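Chain naming here is simple, since letters A, B, ... match the order of the sequence lines and numbering starts at 1 in each. The shown structure was predicted, so the numbers you read here are calculated from the model rather than taken from an experiment.
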Amino acid sequence: MAVDYDHKTVEKKWQTFWEDNKTFKAVQDPQKEKYYILDMFPYPSSHGLHVGHPLGYIATDIIARHKRMKGFNVLHPMGWDAFGLPAEQYALKTGTHPAETTARNIDNFRRQIKGLGLSYDWDREINTTDPNYYRWTQWIFLQLFKKGLAYEAEVPVNWCPELGTVLANEEVIDGKSERGGHPVIRVPMRQWMLKITDYAESLLAGLNDVDWPEGIKELQRNWIGRSEGADVEFHLPSIDESITVFTTRPDTLFGATYMVLSPEHPFVDRLTIDGKRGEAQAYVNEAARKSDLVRTELEKEKTGVFLGTHAINPVNGEELPVWISDYVLMTYGTGAIMAVPGHDQRDWEFAGEFNLSIVEVVKGGDLETEAFVDNENGVMMNSATPDGSFSLNGLKVPAAIQKITSWLEETGKGRATVHYKLRDWLFSRQRYWGEPFPVVHIDRKPAPLSEADLPLELPDLEDYQPAETGNPPLSNATDWVNVTFEGKKGKRETNTMPQWAGSCWYYLRFIDPQNDEVGWDSEKESYWMPVDLYIGGQEHAVLHLLYARFWHHVLHDLGYVSTREPFKKLINQGMILGEDGSKMSKSKGNVINPDEILEEYGADAMRLFEMFMGPLEKSKPWSTAGMKGSHRFLKRVWSMMTNDDGTLRDNIESDAEIDDELNRLLHQTIKKVTDDIEELKFNTAISQLMTLTNAMKTRPSLSGNLVKTFILLLSPFAPHMCEELWQRLGHAETLAYSPWPEYDDELAREELITIAVQINGKRRGEIEVAPGVDEKSALMLALEQSNVKRYLDGKDIKKTILVKDRLLSIVV
RNA sequence: GCCGGGAUGGCGGAACAGGUAGACGCGUUGGUCUCAAAAACCAAUGAUCGCAAGAUCGUGGGGGUUCGAUUCCCCCUCCCGGCACCA
């Protein structure tokens, strides 16, 4: 019996070898087909990795190693998304400078990741906080600015007092901050915005061209929220102005019985009569103070105030009372709606609350109990102009929408429009640890720095504590803030960019990480892009993945990148849960530290187990017993091939014959492992390798060729041990570029197969046949079976069905 | 409420394209080795009945299509994730 495999020594040896020999360095080579495989790079948090984090990294590593052996030129890089809140919160907590803690955290992450034997090209390592990196983040911002896609605005923002910063809509969940779960309130502030709304249509269209999980695409579609309808003009006689409302149901215009403005709508003041002023003012103030949490979560019953004035319905001239209510949002559509309580549930509830009239214009529902909103089968009624010149009556809803939209356009009372839920991206943060904006304010107007002045470095500050006032820490750096720019006195922008900025384009920098002239060389870009496979967590479905696509579309329009979409195929890895089945967290005490796993079982065993646990995309609980099982498998492989002293066993002979049965299994295994890796079904690939191992162990001797092939097949999963065995087999070179084994379909085919015999759908026996057996001979064989005879006794065979090489079904 | 994904032995999970459900691993039980234990190795292992041959049941629940359904169709329950007054 061989002594236990010494994973520590072997793994250290090969990690050093790969590093010293730059085994995984990617060099552009137009002769070879490229494969760009990317992980979502991590924030180097202070906690280090837990066993769930590397799941995706292990998966991409297996693909990367497999593709190299398949002859692809593989780009597989890693870096650090090190700006932003987590790093800064940690720095604040520990009182050390973020630059210092960030550097330390990166060292720890790098150590942990390298310990897993991942085949990254470390020469391409990048760090978003490096001026040589964020120089180009700032450069992209300048391009956005010049294209008119970056602008400043005084807007009601999501202010998080606890974090001392504003947050993007995407970072606010149920009225709380995505990070830390702190309350968020709405206050108006001057902010930088990026006009992502200009790209709503483009971002939507691009989703049709990528191979992403349908769920993620749907999430983005919903977030963009395209909605077709019509803008309709309503006259306001009291101020002699007209107001535009957006509706997706212009067909119900005859059913409008009142109008509602958002409390923030600019017309509110002028539309309020004196007798209502106090009441309206109070309502507006209250709405302004409410957090989104209160407004959307807690308050389900409708509130509002009648302003005392009226609007004129353009189709029939009727007077509609104008109300304000916070169920109408200023940030969507036009901030004003026509209310059709008969055919909109929210309006119906509001009308019920305030006793407003309900008019039925679509037949088919019971308006006593709820609004009727069937927009497919409903038939129009009560929908004609007073003079009878125009009518929708009798039409189905879709036809009515068409007809009235054309009528609105002809009469100048409205037009077909499209609105989006997506809002512009709030792009500034009142924090220290982020990219400075390459902008100087002169006379309160922003002027862009010239590209030659980049990078604009983040000044080294002693006091980087966020202020509760929202005054950014950088405003304390007066020497830095006050500049003379183009002969005038100006002030630098003191907000910084959000976390997402650096990750919006890092995949481009990986292509050309050391370039000082440009962010990336366009020839290299067109060779390597797009990213062929991108693996990361689902939590980035609408944040990172939408922002990065937006920048990429802009860069494409500007001619800086060759593809419209950056990420061709996307996979979301699942979570690894604690052994108790709940999410791993410090407070639950169920966190598994990979350092301990590596120490005890080694990187190969951990890689193997994480891939064996189940489908990559699914969440599944950690299991220490399972971890031991994978470790045991590797030890078995090792002892199958080596003696106590580590030399190869005598029963591995290069000229030993392989028997047909084992050879068949070998070829079946090559096929299954190859196919499964390509489909990312690592768990079944591993189980097939286990099956082959079990068979190999029953043989007194193994052919050298079999052993060689087996090692190559196992190597993407357990690269250290396989390199070691490979070397002991007498190879001087790494196996990382050895050709991937080929299989022979002929040799993989079984000589005799067992097929089931069913009688009336129940399995009653099985027969041994040659593949491709015909129905008649199969039936003959089946009839010899005593159990089959028993069931057929005295009955007529009505029909037989042969499923090729599967089963024979007899109907009696 | 809407959208997406799920539910298979004691556990993680397999199952081509409607064709032998439970591969592989874990766990458990029995055995070998040992003074003993651990480790390792060998064997058994969905449930029920049976000495056995074999039978019946069985993929969240209920119906349907089919010679045959984990797989297709209809209805329902529960779990996970996301969105949520978006006009």
- request: With RNA chain B as reference, determine whether A:Gly225 or A:Glu766 sits nearer its 5' end, using the nearest nucleotide of each.
  value: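 The residue mapped nearer the 5' terminus is A:Glu766.
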- request: Between A:Met613 and A:Thr334, just flag the one whose closest nucleotide in RNA chain B comes earlier from the 5' side.
  value: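 Looking at RNA chain B, the more 5' nearest nucleotide goes with A:Met613.
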For nucleotides 22-33 of chain B, list the nitrogen or oxygen atoms of the protein found under 3.5 Å from its nitrogen or oxygen atoms, one pair per line.
from	atom 1	to	atom 2	distance (Å)
B:rG25	OP1	A:Asn694	ND2	3.2
B:rC26	OP1	A:Arg632	NH1	2.6

- prompt: Is the shortest side-chain N/O distance from A:Arg764 to OP1 or OP2 of B:rA55 below 4.0 Å?
  reply: yes
- prompt: Hey, does the side chain of A:Tyr258 come within less than 4.0 Å of B:rA87's phosphate (OP1/OP2), counting only N and O?
  reply: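 For B:rA87, neither OP1 nor OP2 has a side-chain N or O of A:Tyr258 closer than 4.0 Å.
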With a 3.5 angstrom cut-off on both distances, give the Watson-Crick or G-U wobble partner of [N], or none if there isn't one.
N      : answer
B:rA7  : B:rU77
B:rC72 : B:rG64
B:rG54 : B:rC49
B:rG1  : B:rC83
B:rC24 : B:rG12
B:rC35 : none

By the 4.0 Å heavy-atom rule, please label [X] as base, sugar-phosphate, or nothing.
X        : answer
A:Lys620 : sugar-phosphate
A:Lys672 : nothing
A:Tyr791 : sugar-phosphate
A:Pro213 : nothing

query: Considering residues, nucleotides and ligands other than A:Glu376, do more than 12 of their heavy atoms fall under 6.0 Å from its CD?
result: no
- prompt: Looking at A:Thr334, A:Asp231, A:Thr247, which hits side chain to side chain donor-acceptor pair (under 3.5 Å) with A:His419?
  reply: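 Only one of A:Thr334, A:Asp231, A:Thr247 forms a side chain to side chain donor-acceptor pair (under 3.5 Å) with A:His419, namely A:Asp231.
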Distance-only polar pair, side chains of [X] and [Y], donor-acceptor under 3.5 Å:
X        : Y        : value
A:Tyr743 : A:Thr674 : no
A:Glu579 : A:Thr624 : yes
A:Gln785 : A:Glu766 : no

field: Any donor-acceptor N/O pair, A:Lys620 side chain to A:Pro615 backbone, under 3.5 Å
entry: yes
Write out a two-atom table: protein N or O, nucleotide N or O from nucleotides 78-80 of chain B, distance below 3.5 Å.
none

Basic-acidic side-chain contact under 4.0 Å: [X], [Y]:
X        : Y        : result
A:Arg249 : A:Asp251 : yes
A:Glu201 : A:Arg226 : yes
A:Asp745 : A:Arg749 : no

task: Would you mind telling me which of A:Trp622, A:Phe633, A:Phe682, A:Phe717 makes a ring-ring contact (aromatic ring centres under 6.0 Å, His included) with A:Phe609?
output: A:Trp622
query: For A:His540 and B:rG82, what is the distance between atoms NE2 and P respectively, to the nearest whole Å?
result: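 After rounding, the reported distance stands at 13 Å.
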Below 3.5 Å between N/O atoms, which protein atoms pair up with nucleotides 62-72 of chain B? Just atom names and distances, please.
from	atom 1	to	atom 2	distance (Å)
B:rC67	O2'	A:Gly761	N	3.3
B:rC67	O2	A:Ser809	OG	2.6

- prompt: A:Asn222 has a side chain; which of B:rC3, B:rA84, B:rG13 sits nearest to it?
  reply: B:rC3
- prompt: So A:Arg221 and A:Glu218, salt bridge (charged side-chain N to carboxylate O under 4.0 Å, His left out) or not? Walk me through it.
  reply: CA-CA 5 Å; A:Arg221 285 192 191 107; A:Glu218 209 46 40; 2.9 Å; yes
message: Just to verify, what does A:His50 make a ring-ring contact (aromatic ring centres under 6.0 Å, His included) with, not counting sequence neighbours?
response: A:His53
task: Considering only atom C1', compute the distance from B:rA38 to B:rU32 and round it to an integer number of Å.
output: 15 Å
message: Whether A:Arg632 engages the ring of A:Trp638 as a cation-pi pair (distance to the six-membered ring centre under 6.0 angstrom, angle to the ring normal within 45°) should be assessed.
response: no
Can you pull every protein N or O that's under 3.5 Å from an N or O on nucleotides 4-11 of chain B?
none

Sort me out a list of protein N/O and nucleotides 44-49 of chain B N/O pairs below 3.5 Å, or just none if empty.
none

message: Is there a side-chain hydrogen bond (donor to acceptor under 3.5 Å, both in side chains) between A:Gln538 and A:Gln573? Walk through the geometry before answering.
response: CA-CA 7 Å; A:Gln538 172 143 35; A:Gln573 87 273 17; over 6 Å; no
Pair A:Tyr258 + A:Phe350: ring centers closer than 6.0 Å: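 Yes, the ring of A:Tyr258 comes within the 6.0 Å limit of the ring of A:Phe350, centre to centre.
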task: Please lay out, stage by stage, how A:Glu233 and A:Arg415 fare under the test salt bridge (charged side-chain N to carboxylate O under 4.0 Å, His left out).
output: CA-CA 9 Å; A:Glu233 305 289 339; A:Arg415 68 214 68 86; 2.8 Å; yes
query: Given A:Phe710, which of A:Val673, A:Leu702, A:Leu692 fulfils the side chain to side chain contact (heavy atoms under 4.5 Å, CB included) condition?
result: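 Of A:Val673, A:Leu702, A:Leu692, side chain to side chain contact (heavy atoms under 4.5 Å, CB included) with A:Phe710 is met by A:Leu692 alone.
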